[in-house]
Amino acid sequence: MKKLIFFSLTLLIISFLGSCRKEPEFSSVEGYVREYKSKKPIPNAKIRIQKCAGEFLGSFSCSDIDTIYSDANGYYKYYKELIGDEAYGGAGSYFLVVSKEKYSTHQVEDYGMPTRGARIKDMILLPKSWLKLHVKAVNQYDSDDSFEISSLTGSSTGEWFGNIINLDFVKHYERQGNDSLTVEWYINKDNIETKYQKKVYLPALDTTEFELFF
């Protein structure tokens with residue numbers, strides 16, 4: 001009987017101690033890496049975990065502390081147990097930097113980790129695309145004809161071509177995919193300048209051909 005009572009008390013003590021055990025403090029973030037607009041999951045995206053801290057005279061520096069990758073379904077998760085000072089003050093400034101070949105980071109997004117607890121956050125990557133532009137003069141008026149194309153150069157002046165006799169060229173422009181681009185050009189024939197515009201849709205990770213014959 002005494003043995004049974006002792007055994008029962010032991011079980012009660014173990015149970016009590018187990019219930020008093022404090023769950024570890026942690027900071028975690030999880031979600032999917034997705035493609036801009038299409039929301040398609042992106043597998044095998046590289047995710048660098050950085051710890052950032054302020055330094056003397058207000059400068060701010062970040063260093064990589066770990067690297068993970070999204071899985072075949074684009075899912076990622078990073079878990080950090082808070083120990084030492086972080087267990088009391090919470091996680092400091094931890095950020096995730098996502099990247100993949102032929103994509104660029106969506107800079108306006110906040111990819112920081114919470115001070116404590118879990119956060120669910122999808123990360124967005126911008127797919128690249130390419131415009132293959134073929135320009136050819138097929139209806140020349142005289143040697144004073146000129147041609148100018150804008151909205152593709154990233155400048156307000158555009159690219160100007162004077163004396164366009166036998167003008168025939170191909171150029172490639174890298175742009176953001178899953179988006180539309182307005183191609184704008186000017187043609188001067190017989191001292192009459194005419195402006196043209198056409199919207200072109202650029203699918204992600206693909207090359208779109210645009211022919212401009214005039």
Engineer: Would you say the ring centroid of H134 lies under 6.0 angstrom from that of F169?
Structural biologist: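 Ring centres of F169 and H134 not closer than 6.0 Å.
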Engineer: What side-chain donor-acceptor pairs closer than 3.5 Å can you find for residues 92-99, not counting sequence neighbours?
Structural biologist:
| from | atom 1 | to | atom 2 | distance (Å) |
| --- | --- | --- | --- | --- |
| Y94 | OH | E86 | OE2 | 2.7 |

Engineer: Using the rule given for side chain to side chain contact (heavy atoms under 4.5 Å, CB included), can you reason through Y111 versus I124, listing the C-alpha separation, both sets of side-chain angles and the distance that settles it, and then say yes or no?
Structural biologist: CA-CA 10 Å; Y111 296 148; I124 308 299; 3.9 Å; yes
Engineer: For residues 40-52, tabulate all N or O donor-acceptor pairs below 3.5 Å that involve a side-chain atom, not counting sequence neighbours.
Structural biologist:
| from | atom 1 | to | atom 2 | distance (Å) |
| --- | --- | --- | --- | --- |
| R48 | NE | D64 | OD2 | 2.9 |
| Q50 | NE2 | D64 | OD1 | 2.9 |

Engineer: With side chain to side chain contact (heavy atoms under 4.5 Å, CB included) as the test, would you mind laying out the steps for Y78 and E30 before giving the verdict?
Structural biologist: CA-CA 6 Å; Y78 185 73; E30 63 181 299; over 6 Å; no
Engineer: Can you list every pair that meets salt bridge (charged side-chain N to carboxylate O under 4.0 Å, His left out) and has a residue in residues 120-139, with sequence neighbours left out?
Structural biologist: R34-D122, E109-K121, K128-E174, K132-E209
Engineer: CD of Q176 to CG of N178: how many Å apart, nearest 0.5 Å?
Structural biologist: 8.5 Å
Engineer: With heavy-atom distances below 4.5 Å as the criterion, would you say the side chains of F214 and L167 are in contact?
Structural biologist: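 They are in side-chain contact.
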Engineer: Is there a chain of hydrophobic side chains (I, L, V, M, F, W, Y, each step under 4.5 Å between heavy atoms) that links I65 to Y76?
Structural biologist: yes
Engineer: Kindly indicate, with the supporting measurements, whether the criterion salt bridge (Lys or Arg N to Asp or Glu O under 4.0 Å) is fulfilled by D110 and R119.
Structural biologist: CA-CA 12 Å; D110 171 22; R119 183 186 190 191; 3.6 Å; yes
Engineer: How long is the span from the OG atom in S28 to the NZ atom in K77, to the nearest 0.5 Å?
Structural biologist: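 NZ of K77 is found 5.5 Å from OG of S28.
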Engineer: Looking at CG of D206 and OG of S129, how far apart are the two atoms once the value is rounded to the nearest 0.5 Å?
Structural biologist: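 Output value for this atom pair is 8.5 Å.
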Engineer: Scan residues 30-52 for pairs that pass ring pair (Phe, Tyr, Trp, His ring centres under 6.0 Å), counting only residues two or more places apart or in two chains.
Structural biologist: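 Sorted pair list: Y32-Y75, Y36-H106.
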Engineer: Does any pair with a residue in residues 191-201 pass side chain to side chain donor-acceptor pair (under 3.5 Å), and if so which ones, sequence neighbours excluded?
Structural biologist: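 Pairs touching residues 191-201 that pass the test: E184-Q197.
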Engineer: Could you please spell out the steps behind the side chain to side chain contact (heavy atoms under 4.5 Å, CB included) verdict for W185 and V135?
Structural biologist: CA-CA 11 Å; W185 68 97; V135 176; over 6 Å; no
Engineer: Tell me whether W130 is reachable from L126 by hopping between hydrophobic residues (I, L, V, M, F, W, Y) whose side-chain heavy atoms are closer than 4.5 Å.
Structural biologist: no
Engineer: Determine whether Y186 and I149 fall in the same hydrophobic cluster, where Ile, Leu, Val, Met, Phe, Trp and Tyr are linked whenever their side-chain heavy atoms lie under 4.5 Å apart.
Structural biologist: no
Engineer: Does either side chain, that of E35 or that of Y103, offer a donor lying less than 3.5 Å from an acceptor on the other one?
Structural biologist: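 Indeed, the side chains of E35 and Y103 share at least one donor-acceptor pair under 3.5 Å.
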Engineer: Test your reading of the model: is there a side-chain donor-acceptor pair from D190 to the backbone of I192, 3.5 Å cut-off?
Structural biologist: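 Absent.
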Engineer: If I compare all heavy atoms of N73 with all of D71, which pair ends up nearest, and what's the gap?
Structural biologist: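 So the minimum-distance heavy-atom pair works out to N-OD1, 2.8 Å.
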Engineer: Evaluate V200 against L131 for side chain to side chain contact (heavy atoms under 4.5 Å, CB included), listing each step before the verdict.
Structural biologist: CA-CA 9 Å; V200 182; L131 178 70; 4.3 Å; yes
Engineer: Does the side chain of L133 come within less than 4.5 Å of V170's, by heavy atoms?
Structural biologist: no
Engineer: Measuring from R116:CZ to F26:CZ, what's the distance to the nearest 0.5 Å?
Structural biologist: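 With rounding to 0.5 Å, CZ (R116) is 11.0 Å from CZ (F26).
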Engineer: Which value, rounded to the nearest 0.5 Å, describes the distance between T208 atom OG1 and L202 atom CG?
Structural biologist: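 These two atoms lie 5.0 Å from each other.
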Engineer: How does the hydrophobic cluster around I83 look, that is, which other residues are in it when side-chain heavy atoms under 4.5 Å mark a link?
Structural biologist: none
Engineer: Under 3.5 Å, side chain of S27 to main-chain N/O of P114, donor-acceptor pair present?
Structural biologist: yes
